[in-house]
Protein chains: 2
Amino acid sequence: MRADARDNRDRILAAAREAFADDGDVSMNQVARRAGVGAGTLYRNYPTREALVLAVYRQEVEQLVEAVPALLAEQPPLDALRSWTVDLVDAMRRKHGLGDALSATAHQAMAEQSYGPVIGAITALLEAGQREGVVRADADPRDFLQLTGALWRAASGPEDRSPQMLELILDGLTARP
Amino acid sequence: MRADARDNRDRILAAAREAFADDGDVSMNQVARRAGVGAGTLYRNYPTREALVLAVYRQEVEQLVEAVPALLAEQPPLDALRSWTVDLVDAMRRKHGLGDALSATAHQAMAEQSYGPVIGAITALLEAGQREGVVRADADPRDFLQLTGALWRAASGPEDRSPQMLELILDGLTARP
DNA sequence: GACCGTAGTGGAGAGTTCTCCACTTATCAA
DNA sequence: TTGATAAGTGGAGAACTCTCCACTACGGTC
């Protein structure tokens, strides 16, 4: 990769980070202008808005993913899953566009490739529960991420119903004797 | 309302119905052109794409709503809820844009006003279950519609995981002794 | 240092959403 | 029948997304 290209890529990411921090609905054009590049350059580096959003919040998401082992060490699996999910939904709500980007990729190939880490985190949480026999055997991490999208949408509405919905989902995940 | 205005309104609806039947991603401009009206007229009648979509599929949705009493007469509440939901998700998948429109309105005031019927149908199904003590008391119809949105997204992916997700949700809805 | 192939660029352009307001016209009272 | 008038119209316009390709300039080679 050419040095100037890498420079542009970095400038775009920096500009996007600033712009998203200021306000959620920033146009791709605005990001490009702010970074001092043409629209073409922006789109070559980040082909979709989602790709850009995921790149911007990569660190935040990584932190969430890395927190999993500690959670599992401290709490029973279902409690760990509950508090992790609350944090995830919270991040989706605070970081504009992240909820859309994450739940859009839940059942796509893209998710496996670029956002495997999140799926990996959910897998670890579910498997811990399965090992203890408290989570049903057919629980699927992509399904859970998709449901998390619904949670986030509910949390963003006028009346936050996400706690109740989360309890319902966890209840549905629980293994029955 | 002026007669010519009503005429235009009807022509727009007819044009939209045709256009949506042909293909899901039709631009608002195309609908306007097809109906022979200006963009302004289209937007005055249907302020958002969602509003137009809901108007176009009103009958389909009404049929779904009206089917509830028969379902409840034939089957136990949870089975009725299951089969009704399968039909709803199926409609969301076949009728382009309906899934987005419905799940977007799940927790908004708009839903109560213009799509109360769907909420009403879900309420009837849930209450039947509650009366028999098989559905948890704190189940909320808007939450359920929101979860249905996730189901639809999952059903539209490469691998249809919606049956498993539906079982999980129904399991979560079940009242525990 | 000069050369050249190719990776990389920017912005014009086609298409979109949605708003605004100068104009047109249906309707009702006289 | 005829105005008056408020309801209704259309399309120009501003801003957007995303693509395409004529150009520019980086960096390995001599």
Side-chain angles (χ1 to χ4, degrees), chain A residues 1-57 96-105 108 110 114, chain B residues 1-57 96-105 108 110 114:
Chain A
M1 185 184 219
R2 256 166 59 175
D4 57 340
R6 157 146 293 149
D7 254 35
N8 276 335
R9 199 182 162 80
D10 293 349
R11 281 221 313 288
I12 290 171
L13 203 55
R17 209 182 302 275
E18 279 176 40
F20 286 148
D22 288 355
D23 171 15
D25 56 320
V26 194
S27 75
M28 293 296 265
N29 255 359
Q30 280 172 290
V31 172
R33 217 174 320 128
R34 203 156 168 162
V37 302
T41 301
L42 169 55
Y43 279 95
R44 201 164 339 90
N45 283 286
Y46 303 99
T48 64
R49 175 190 218 78
E50 270 162 32
L52 180 58
V53 168
L54 291 179
V56 164
Y57 295 126
H96 303 278
L98 185 57
D100 264 332
L102 273 182
S103 67
T105 58
Q108 289 172 18
M110 184 183 168
S114 77
Chain B
M1 186 183 217
R2 255 165 60 172
D4 57 339
R6 158 147 294 150
D7 255 35
N8 277 334
R9 200 184 161 80
D10 293 349
R11 281 222 312 290
I12 290 171
L13 203 55
R17 208 183 304 274
E18 279 177 40
F20 285 148
D22 288 356
D23 172 14
D25 54 319
V26 195
S27 76
M28 294 296 265
N29 255 359
Q30 280 173 289
V31 172
R33 216 172 323 127
R34 203 155 168 161
V37 302
T41 301
L42 170 54
Y43 279 96
R44 199 162 345 88
N45 283 286
Y46 304 98
T48 64
R49 174 187 218 80
E50 270 161 34
L52 180 58
V53 169
L54 290 179
V56 164
Y57 295 125
H96 302 279
L98 185 56
D100 264 333
L102 273 182
S103 67
T105 58
Q108 290 172 18
M110 184 182 169
S114 76

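Computation of the quantities below employed the complete heavy-atom set of this structure, encompassing side-chain atoms and omitting hydrogens, waters and symmetry-equivalent molecules. In what follows, chains carry the letters A, B, and so on, assigned in the order in which the sequence lines appear, proteins first and then strands, with residues in each chain numbered from 1.
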Derivation of the side chain to side chain contact (heavy atoms under 4.5 Å, CB included) call for A:Thr48 and A:Val53:
CA-CA 9 Å; A:Thr48 64; A:Val53 168; over 6 Å; no

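Every residue two or more places apart in sequence or in another chain was checked for a side-chain hydrogen bond (donor to acceptor under 3.5 Å, both in side chains) with B:Asp10, and none qualifies. Shown here are the salt bridge (Lys or Arg N to Asp or Glu O under 4.0 Å) partners of A:Asp4, two or more places apart in sequence or in another chain: A:Arg2.
Taking CZ from B:Arg9 and CG from B:Asn45, the interatomic distance works out to 5.0 Å, rounded to the nearest 0.5 Å. Remark: B:Glu50 CD to B:Leu98 CG distance equals 10.5 Å, nearest 0.5 Å. For the atom pair A:Leu52 CG and A:Met28 CE, the distance stands at 5.0 Å (nearest 0.5 Å).
Both B:Asp4 and A:Arg2 sit near DNA chain C, but only A:Arg2 has its closest nucleotide nearer the 5' end. If A:Arg11 and B:Ala3 are placed on DNA chain C by their nearest nucleotide, the residue sitting closer to the 5' end is A:Arg11.
Residues in residues 20-31 of chain B take part in these salt bridge (Lys or Arg N to Asp or Glu O under 4.0 Å) pairs, two or more places apart or across chains: B:Asp22-B:Arg34.
Looking at heavy atoms from C-beta onward, A:Arg17 lies in side-chain contact with A:Leu13 at the 4.5 angstrom threshold. Residues B:Asn8 and B:Leu42 have side chains not in contact (no heavy-atom distance under 4.5 Å, counting atoms from C-beta outward).
A heavy-atom distance below 4.0 Å to DNA chain C is reached by these residues of residues 18-44 of chain A, ordered by number: A:Gly36, A:Val37, A:Gly38, A:Ala39, A:Gly40, A:Thr41, A:Arg44.
If you walk DNA chain D from 5' to 3' and mark each nucleotide with an atom closer than 4.0 Å to a heavy atom of chain B, the marks span D:dA7 to D:dG11.
Atom-to-atom, CZ of A:Arg9 to C1' of C:dA7 comes out at 15 Å; the value is rounded to the nearest Å.
For the helix from C:dG1-D:dC30 to C:dA30-D:dT1, the angle separating the two terminal helix axes comes to 10°, with each axis derived from five pairs and the value rounded to 10°.
The minimum heavy-atom distance linking A:Val26 with A:Ala19 is given by the pair CG2-O, 3.5 Å.
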